Asker: 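I am attaching a structure below and will ask some questions about it afterwards.
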Amino acid sequence: MSLARSYVVTGGAQGVGKAIAHALARDGHVVVLDVAETVDADLAAHERVKFLAGDAADPDRASAAAALAESAAPLFGWVNNAAVFRDADLRTATAPHVLEPIAANLAPT
């Protein structure tokens with residue numbers, strides 16, 4: 001008998017996060033937390049996947065994602081896949097321009 005499990009995948013609406021969500025959905029229930037308004041059709045149609053729009057760095061949205069996952073099964077894992085990418089020339093960029101994506105990427109952890 002396998003244990004019921006749930007997971008949260010941030011940044012899971014597309015790309016690597018979507019692939020992770022699909023893989024985890026074979027093992028349990030998945031909540032995809034993403035700033036996108038929607039996920040693509042094949043992920044949205046998966047019976048074990050629920051979508052929650054929002055920023056993973058927002059404590060209220062992260063708590064809502066955890067609660068939604070827990071409503072399906074005990075929370076077993078959290079994949080922090082959300083990321084912000086932006087080029088910055090370290091010779092000319094301001095400190096805030098360089099630090100903002102770093103903070104955005106680390107805050108959800």
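No experiment lies behind these values; they were computed from the predicted model shown.
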Asker: Is there a continuous path of hydrophobic side-chain contacts, each under 4.5 Å between heavy atoms, that joins Val79 to Phe76?
Answerer: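 Hydrophobic grouping puts Val79 with Phe76.
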Asker: Who pairs with Asp89 by salt bridge (Lys or Arg N to Asp or Glu O under 4.0 Å), at least two apart in sequence or on another chain?
Answerer: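 Salt bridge (Lys or Arg N to Asp or Glu O under 4.0 Å) list for Asp89, sorted by chain: Arg91.
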Asker: When you measure from the side chain of Asn81 to the backbone of Gly12, do you find a donor-acceptor pair of N or O atoms at a distance under 3.5 Å?
Answerer: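 No, Asn81 side chain to Gly12 backbone: no donor-acceptor pair under 3.5 Å.
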Asker: Can you name the closest pair of heavy atoms from Gly17 and Val9 and give their distance?
Answerer: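 Minimum heavy-atom contact is O-CG1, 3.8 Å.
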Asker: Taking only residues two or more places apart in sequence or in another chain, which ones pass side-chain contact (heavy atoms from CB on, under 4.5 Å) with Ser63?
Answerer: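 Residues passing side-chain contact (heavy atoms from CB on, under 4.5 Å) with Ser63: none at all.
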Asker: Give me the atom names and distance for the closest heavy-atom approach of Ala56 to Ala62.
Answerer: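 Nearest pair, atom of Ala56 first, then Ala62: O-CB, 3.9 Å.
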Asker: Once side-chain contact (heavy atoms from CB on, under 4.5 Å) is applied, do any residues pair with Ala66, and if so which ones, sequence neighbours excluded?
Answerer: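 So Ala66 forms a side-chain contact (heavy atoms from CB on, under 4.5 Å) with Leu75, Trp78.
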Asker: Extract all donor-acceptor atom pairs below 3.5 Å that involve side chains of residues 22-29 and protein atoms in other chains or at least two apart in sequence.
Answerer:
from, atom 1, to, atom 2, distance (Å)
Asp27, OD2, Arg5, NH1, 3.3
Asp27, OD2, Tyr7, OH, 2.2

Asker: Going from CG on Asp55 to CG on Asp60, what distance comes out if it is rounded to the nearest 0.5 angstrom?
Answerer: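 Output value for this atom pair is 11.5 Å.
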Asker: What distance do Leu33 atom CG and Thr10 atom OG1 have between them, rounded to the nearest 0.5 Å?
Answerer: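 So the gap between those two atoms works out to 6.5 Å.
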Asker: Report yes or no: do Val39 and Val8 belong to one cluster of Ile/Leu/Val/Met/Phe/Trp/Tyr joined by side chain heavy-atom distances under 4.5 Å?
Answerer: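 Result: no, two separate clusters.
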Asker: Could you pull out all residues at least two apart from Asp42 that satisfy salt bridge (Lys or Arg N to Asp or Glu O under 4.0 Å)?
Answerer: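 With neighbours one apart ignored, the set is Lys18.
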Asker: Let me confirm one number: the CG-CG distance from Leu52 to Asp34, rounded to the nearest 0.5 Å.
Answerer: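 That separation rounds to 10.0 Å.
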Asker: Tell me which pairs pass salt bridge (Lys or Arg N to Asp or Glu O under 4.0 Å) where either residue lies in residues 63-82, with sequence neighbours left out.
Answerer: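 Applying salt bridge (Lys or Arg N to Asp or Glu O under 4.0 Å) to every pair that reaches into residues 63-82, excluding sequence neighbours, yields nothing.
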Asker: Over all heavy atoms of both residues, which pair between Ala36 and Phe51 is shortest? Give the atoms and the distance, please.
Answerer: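 Shortest heavy-atom contact: O-CZ, 3.2 Å.
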Asker: Starting from Leu43, can I reach Val31 by hopping between I/L/V/M/F/W/Y residues whose side chains sit under 4.5 Å apart?
Answerer: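 In one cluster with Val31: Leu43, no.
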Asker: Just to verify, what does Pro101 make a side-chain contact (heavy atoms from CB on, under 4.5 Å) with, not counting sequence neighbours?
Answerer: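 Val84, Arg86.
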Asker: Can you name the residues that form a side-chain contact (heavy atoms from CB on, under 4.5 Å) with Ala19, not counting sequence neighbours?
Answerer: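 Checked Ala19 against side-chain contact (heavy atoms from CB on, under 4.5 Å); zero matches.
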Asker: Can a donor-acceptor pair be found, under 3.5 Å and without considering hydrogens, that links the side chain of Ser6 to the backbone of Val30?
Answerer: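 Between the backbone of Val30 and the side chain of Ser6 there is no qualifying donor-acceptor contact (under 3.5 Å).
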